[in-house]
Amino acid sequence: MIKRVRGKIRGIVQGVGFRPFIYQLASRYGLSGFVINTSDGVTLEIEGADGHIDSFFKDIIRDCPPLAYISSIEREYISPKYEKGFQIEESKRGDERSTLISPDVCVCEDCIREMMDPFDRRYRYPFINCTNCGPRYTIIMDIPYDRENTTMKKFKMCKLCKEEYEDPQNRRFHAQPNACPKCGPEVTLWNNKREKLNCDDPILKAKELIKKGAILAIKGLGGFHLAVDAKNHKAVVRLRKRKRREEKPFAIMVRDIEDAKGIAHLSHEEEKILTSKERPIVLLRKRKGNPLSSEVSPKNRYFGIMLPYTPIHYLLLEKRGDIFVMTSGNITDEPINIDNDDAFRNLKDIADYFLIHNRDIYLRSDDSVVTFMGGKLRQIRRSRGYVPVPIFLSERLRGLPLVLALGGELKNTICLIKDGKAFLSQHVGDMENLETFQFFLLTIRHMSRILDITPELLVYDMHPDYLTTQYAKEQTDIPTVAVQHHHAHLVSCLAENGISGPVIGITLDGTGYGTDGNIWGGEVLVGDALRFRRRAHFEYVPLPGGDSAIRYPWKSAISYLYKAFESDLLNLNIPLFKRISKRDTEVVLKMIQRDINCYPTSSCGRLFDAIAAILGLRHRVSYEGQAPMELEMISDEDIKDHYEFGLEKEGDRYLIKISDLIRAVVEDVQKGIGPSVIAKRFHNSIIEIFKLLCVILRDEEGINRVALSGGVFQNRIIFENLSLKLQQEGFEVITHSLVPTNDGGLSLGQAIVGGLRFKEGLI
């Protein structure tokens, strides 16, 4: 019996070869009808035998293209039309826009084979792509995802490319960035005086220059990289000096898995992540005796390694053993450059040469950074390759209003909620300058437009001095609500795991504005997505100079030492006082004693800073988290014991007393015990503190589920060992995987808390 069905398919179904897939599937079953892109996804009508229609829909789920993601399929029977053949129709723009857009992904194996084939018309063409690979999110200006709505609109396809584009049997059918050397973008090489270098192969020449020690600015998918030969120590040092990036590790790109294995240890799981279509930077443990400059990743056991993901990268790293630093093309603390003119202006004092192209990047997107920890991939920076794939929310959260959450001050992302999906933006950065703030505003406009969201609620962090807070308070045409920083961390973890609570939430980080106006950061909360109670935290110590103490950990050390020793701290024989003058120490001590420019904090991050400074590891930092990272890196993995600590109950809240711990650390230092032993004992102490608190609170609250969130859980020792010990105690442990545990995931939690409060009438 002949029937006709109308179907609507939502998800990542545009720009991924979905319509030709439907066309070929319909042809296989002899079905007539049509398929069309709309602003709502893909709509189709098919007509034929009932059994063939059922098989058709089953195969859509089973065999969909590699970059597609189906979030829903709706189908309804309509009257047959008794037409012949199946058509792919032109896209239509509708009133509602809720289609999902594919992230930028690495070039596929088929395209690489063609690019390396001397007889192929795209031989060595650095913009080769098809519906299974290439740029997406960074070139889309609007939806539907058609060429005129991308930055490829200025390139008119030649006859051969047009034939591929219009052929449903071709894998480049409706590949919007489709191009070839005759009609597409081109690469050119310039010096930093903006003089074009005439050469037959700009990419080959660029590689020669890198191998000779030059610094190159290279335009990629989501922005510029700064590249040098990672084996050339002088070149790496020169890049650090010019970029004013003293010690923060550089990312590196290697040719293939074999080259990665030559410099780092890889598990099977890490290899799969490294070779995935997302191509993130993966943190991998260094091999001893590797040939790279010591300045690539100083005082760190790990390299950040990625494989090539654009055709340009594959052409640059053709030779085995080529390993290049590929760090973000920006002035430190500013957003990555995406525009050629801006790059020449901003990077001319850093780069010797510029390898650029004339395909515009509409929206910048940094490389994503991930690690494999505790049996899962963990996001550290969620950006290229992953954004804008949404977080699909649990049933309870599917009735939320249209929410825009603004994130925090550091590692900023924004989050938009619509139809049970949470869309986190790519990494925006630290909101410390006008350039980043402008990128933040552009990201809000762009994501709101392509997702067709006019927010009904604006959510922001409680900190009164954040730029995001100031922006929120300037908006007078929309309700706004502030969400406490650590509650947002906790709920971010719950939301990505589809859990509503209540839970015991351990939220450990450097800085978060508390409900009492103090700086929190070492917290145990009990609550759910609507409410929380603060059940435990580190006792407050004064933070002398506020943000200044973050840049200079020795100031935090003085504060913690004063807590433990009072004025006797001046008589301590510890490495800290070999680096810091007595005069500077006395100035900070007077600030603490007189409560001048001091801010009470319960921060776990500042405690790590203090221990690192006491051990003489780091009295000044050049990037966020440097002191805790170095403390982790030197820790002796064989040490199992820990220091004593105190707990004191005040009302229904436990205070973690740190004086005993500080005194024990100083005693070990004065005994001459090595920093690696002390560092691991300190880590073990943190683990024991929070394990014990969870056991106590389980008895009091009747809750057996623990959620871990906050930047401290990027620390492998803390994360893996605390998770294990809690599991051994019978707890269910909830952790981050889809979004960062650091402030990059904060906007998700903000959006959920604010949206639920709005829905429940609490705003």
Counting C-beta onward and ignoring hydrogens, is there a side-chain heavy-atom pair between [X] and [Y] closer than 4.5 Å?
{"X": "Asp259", "Y": "Ile263", "value": "no"}
{"X": "Tyr353", "Y": "Ile215", "value": "no"}
{"X": "Asn300", "Y": "Met629", "value": "yes"}
{"X": "Ile444", "Y": "Leu406", "value": "yes"}
{"X": "Val541", "Y": "Leu607", "value": "no"}
{"X": "Leu661", "Y": "Ser685", "value": "yes"}

| Partners of Lys578 by side-chain contact (heavy atoms from CB on, under 4.5 Å), sequence neighbours excluded? | Asn573

Short side-chain donor-acceptor distance under 3.5 Å, [Y] and [X]:
{"X": "Asp342", "Y": "Asn337", "answer": "no"}
{"X": "Thr735", "Y": "Arg378", "answer": "yes"}
{"X": "Asp366", "Y": "His427", "answer": "no"}
{"X": "Thr436", "Y": "Glu334", "answer": "no"}
{"X": "Arg716", "Y": "Tyr302", "answer": "yes"}
{"X": "Ser622", "Y": "Lys248", "answer": "no"}
{"X": "Ser368", "Y": "Arg279", "answer": "no"}
{"X": "His489", "Y": "Asn742", "answer": "no"}

| task | Answer yes or no for Arg240 and Phe250: cation-pi contact, defined as NZ/CZ to six-membered ring centre under 6.0 Å and angle to ring axis within 45°. | result | yes

| Distance under 6.0 Å and angle within 45° of the ring axis: does Arg364 meet both against Phe439? | yes

Report yes if the distance between the aromatic ring centroids of [X] and [Y] is under 6.0 Å, otherwise no.
{"X": "Phe354", "Y": "Phe344", "answer": "yes"}
{"X": "Tyr540", "Y": "His537", "answer": "yes"}
{"X": "Phe690", "Y": "Phe713", "answer": "no"}

Salt-bridged, [X] to [Y], with N to O below 4.0 Å?
{"X": "Lys211", "Y": "Asp322", "value": "yes"}
{"X": "Glu624", "Y": "Lys411", "value": "yes"}
{"X": "Arg238", "Y": "Glu295", "value": "no"}
{"X": "Asp367", "Y": "Arg381", "value": "no"}
{"X": "Arg620", "Y": "Glu246", "value": "yes"}

| field | From Ile658 atom CD1 to Cys604 atom SG, the distance as rounded to the nearest 0.5 Å | value | 11.5 Å

| remark: Rounded to the nearest 0.5 angstrom, the CD1-CD1 distance for Ile305 and Ile273 is 13.0 Å

| task | Kindly determine whether Asp668 and Tyr643 satisfy side-chain hydrogen bond (donor to acceptor under 3.5 Å, both in side chains), including the steps that lead there. | result | CA-CA 10 Å; Asp668 272 1; Tyr643 296 118; 2.6 Å; yes

| request: Kindly determine whether Lys680 and Asn684 satisfy side-chain hydrogen bond (donor to acceptor under 3.5 Å, both in side chains), including the steps that lead there. | output: CA-CA 6 Å; Lys680 186 56 169 23; Asn684 293 344; 3.2 Å; yes

| query | With His486, which residues qualify under ring pair (Phe, Tyr, Trp, His ring centres under 6.0 Å), at least two apart? | reply | none

| remark: Closest non-hydrogen atoms of Pro553 and Ala627, given as atom of the first, atom of the second and distance, are CG-CB, 4.2 Å

| task | Measure across Ser328 and Lys243 and return the closest heavy-atom pair with its distance rounded to 0.1 Å. | result | O-NZ, 2.7 Å

| Once the angle between the rings of His313 and Tyr309 is folded into 0 to 90°, is it parallel (under 30°), tilted (30 to 60°) or perpendicular (over 60°)? | perpendicular

| request: Using the six-membered ring wherever Trp is involved, compare the ring planes of Tyr513 and His463 and label them parallel, tilted or perpendicular (cut-offs 30° and 60°). | output: tilted

| query | Can you list the steps and then say if Phe719 with His736 is a ring-ring contact (aromatic ring centres under 6.0 Å, His included)? | reply | CA-CA 11 Å; Phe719 176 81; His736 287 277; 9.5 Å; no

| said: Using the side chain to side chain contact (heavy atoms under 4.5 Å, CB included) definition, which of the options Val370, Leu424, Thr413, Val369 pairs with Arg382? | reply: Leu424

| field | Crowding at CZ, Arg244 (>12 non-hydrogen neighbours, <6.0 Å) | value | no

